[in-house]
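All values below come from the heavy atoms of this structure, side chains included, with hydrogens, waters and symmetry mates left out.
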2 protein chains.
Amino acid sequence: MNANMETLAAQLRAHGHKLTRPRRAILQALAEAAKPLSPAELQTRARVFDAELGLVTVYRTLEIMEELGLVRPVHLADGCHGYALATPGHTHHVVCQRCHAVVEIVGCDLGVFLEHVAARTGYTITGHWLEIAGLCADCQRALQEEAYTREENDHAAE
Amino acid sequence: MNANMETLAAQLRAHGHKLTRPRRAILQALAEAAKPLSPAELQTRARVFDAELGLVTVYRTLEIMEELGLVRPVHLADGCHGYALATPGHTHHVVCQRCHAVVEIVGCDLGVFLEHVAARTGYTITGHWLEIAGLCADCQRALQEEAYTREENDHAAE
DNA sequence: TTCTAAATGAAAAACTTTTTCAATACGGAA
DNA sequence: TTCCGTATTGAAAAAGTTTTTCATTTAGAA
Ligand SMILES: [Mn+2]
Ligand SMILES: [Mn+2]
Ligand SMILES: [Zn+2]
Ligand SMILES: [Zn+2]
């Protein structure tokens, strides 16, 4: 169990939760994930570490971890959200459109923008939620190669 | 049928879709909604205009309207998203935490912030998605009154 | 009015999430 | 280390959501 895992486990303990085999498996799977996972995906991956792990436990553990702020729902452009390990504090995510790889952006600069919004709408702003979509470096490369290959084929077909 | 409705209906026609009674009912219900609606909520409200309307048709119509950009999924802080009529162009939403009233913010100013993100992550940024949570003017007032009433009760109980 | 393809609702199927409950296992107390 | 109470578990069932299928209806062009 690495340092990050230790910290997460300690958080659970600190809030009076037991540190069980299923929960360790779920933490491990989340720590290794490079993209937000649905409960079903998470079960599949966590079963590498606990073959018996039930889906119900995944739901229950995500609920606890979300309350403790250890995990965050990350909304995806298509369909709904997946869950990803959260860095403490306010963060945002950049999600790759092609492979769903996710990078966390710590901190943000929307203060002035949000003041405008408050003034214009009469709302008291209590929070915000920003998801950024893009193409990761790998996928940019992959798409360029695809385009190149397609061009070659087109020439051959002439 | 008001002007806004006419425009929406015309959009459907322009893309080769038929303008049916169920679809008009759905448009009408969306036009009157002050908050994002789930498919089930939308069915209930649209049945005021077409009592027979089936839930399947709501799903199918939302799918078409989302493709045409007439409707947008609005992600909510709790659980998942609802659907709201979309203003053309890039917009964001401010959603009231208490009554879910939604105001659309047309235009946004995240250009510089997004450039930073691109530089830091190596991602090409293709889009973003910002939801703002807050309290609408009405709910601010309502909550203040509640607090006041509670205080009165506390005094009476002494 | 006639005709045809698009669209519809009911029913079934597929999927997801929550609830219930008896069995299990974590971790504090001895 | 063993023992014990209770938090936690997985299976099964229930509840809820979304998609598929199909016979029937309807919009709208001709
Ligand atoms: Mn969602
Ligand atoms: Mn932010
Ligand atoms: Zn990628
Ligand atoms: Zn409100």
Side-chain angles (χ1 to χ4, degrees), chain A residues 1 5-6 8-29 36-68 70-71 73-76 78-83, chain B residues 1 5-6 8-29 36-68 70-71 73-76 78-83:
Chain A
M1 190 150 54
M5 282 281 294
E6 289 286 5
L8 294 168
Q11 293 267 21
L12 283 178
R13 305 288 294 269
H15 286 265
H17 298 286
K18 292 187 177 176
L19 189 50
T20 63
R21 192 160 145 67
R23 285 176 184 167
R24 274 197 297 269
I26 290 169
L27 277 178
Q28 187 80 42
L37 303 176
S38 69
E41 283 173 322
L42 181 50
Q43 182 193 31
T44 302
R45 291 175 181 226
R47 277 194 158 171
V48 172
F49 309 109
D50 176 1
E52 318 282 68
L53 176 67
L55 184 54
V56 205
T57 300
V58 175
Y59 278 97
R60 291 192 280 227
T61 303
L62 282 175
E63 195 182 355
I64 290 173
M65 292 178 57
E66 195 180 345
E67 269 168 18
L68 300 189
L70 305 181
V71 135
V74 178
H75 281 277
L76 306 171
D78 54 331
C80 205
H81 57 262
Y83 292 88
Chain B
M1 189 148 57
M5 282 281 295
E6 290 286 6
L8 293 168
Q11 292 266 23
L12 283 178
R13 306 285 295 268
H15 287 264
H17 299 288
K18 293 186 177 178
L19 187 49
T20 64
R21 193 161 144 68
R23 284 176 185 169
R24 273 197 298 268
I26 290 169
L27 277 178
Q28 187 81 40
L37 303 175
S38 68
E41 285 173 320
L42 181 50
Q43 181 193 31
T44 302
R45 293 176 180 226
R47 278 193 160 174
V48 173
F49 309 109
D50 176 2
E52 318 283 64
L53 176 67
L55 185 54
V56 204
T57 299
V58 174
Y59 277 97
R60 291 192 279 225
T61 304
L62 282 175
E63 195 182 355
I64 290 173
M65 292 178 58
E66 196 180 342
E67 268 168 19
L68 300 189
L70 305 181
V71 136
V74 177
H75 281 277
L76 306 172
D78 54 331
C80 205
H81 57 262
Y83 292 88

Let me know the distance between [atom1] of [X] and [atom2] of [N], rounded to the nearest Å.
{"X": "Leu12(B)", "N": "dG28(D)", "atom1": "CG", "atom2": "P", "value": "10 Å"}
{"X": "Arg21(B)", "N": "dG28(D)", "atom1": "CZ", "atom2": "C1'", "value": "17 Å"}
{"X": "Asp50(B)", "N": "dT8(C)", "atom1": "CG", "atom2": "P", "value": "10 Å"}
{"X": "Glu41(B)", "N": "dG16(D)", "atom1": "CD", "atom2": "P", "value": "15 Å"}
{"X": "Leu27(A)", "N": "dT8(D)", "atom1": "CG", "atom2": "C1'", "value": "15 Å"}
{"X": "Glu63(A)", "N": "dT9(D)", "atom1": "CD", "atom2": "P", "value": "12 Å"}
{"X": "Leu55(A)", "N": "dT16(C)", "atom1": "CG", "atom2": "P", "value": "9 Å"}
{"X": "His15(A)", "N": "dC26(C)", "atom1": "NE2", "atom2": "P", "value": "21 Å"}

N/O donor-acceptor pairs under 3.5 Å from side chains in residues 60-68 of chain A, not counting sequence neighbours:
residue  : atom : partner  : partner atom : Å
Thr61(A) : OG1  : Thr57(A) : O            : 2.8

Closest to side chain of [X], choosing from [options]:
{"X": "Lys18(B)", "options": "dT8(C), dG27(C), dG28(D)", "value": "dG28(D)"}
{"X": "Pro22(B)", "options": "dT9(D), dG9(C), dA7(C)", "value": "dG9(C)"}
{"X": "Leu53(B)", "options": "dT8(D), dT26(D), dG9(C)", "value": "dG9(C)"}
{"X": "Leu19(A)", "options": "dG27(C), dG9(C), dA29(D)", "value": "dG27(C)"}
{"X": "Val56(B)", "options": "dG28(D), dA11(C), dG28(C)", "value": "dA11(C)"}

Exercise. To the nearest 0.5 Å, what is the distance between NE2 (His81(B)) and OG (Ser38(B))?
Worked result: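 Between atom NE2 of His81(B) and atom OG of Ser38(B) there are 10.0 Å.
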Exercise. Heavy atoms under 4.0 Å, any strand shown: does Arg60(B) hit a base, just sugar-phosphate, or nothing?
Worked result: base
Seminar exercise, completed: So the salt bridge (Lys or Arg N to Asp or Glu O under 4.0 Å) pairs with at least one residue in residues 37-47 of chain A (sequence neighbours excluded) are Lys35(A)-Glu41(A)
Problem set entry | Minimum side-chain heavy-atom gap Leu19(B)-Arg13(B) below 4.5 Å |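 Of all side-chain heavy-atom pairs linking Arg13(B) with Leu19(B), at least one is under 4.5 Å.
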For this session: Flag the pair Tyr83(B) / Val71(B) as yes when at least one side-chain heavy-atom distance between them is below 4.5 Å, and no otherwise.
Result: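 Touching, per the 4.5 Å side-chain cut-off.
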So, is [X] close to the [N] phosphate, meaning a side-chain N or O under 4.0 Å from OP1 or OP2?
{"X": "Thr20(A)", "N": "dT9(D)", "result": "yes"}
{"X": "His17(B)", "N": "dA7(C)", "result": "yes"}
{"X": "Arg23(A)", "N": "dC26(C)", "result": "no"}

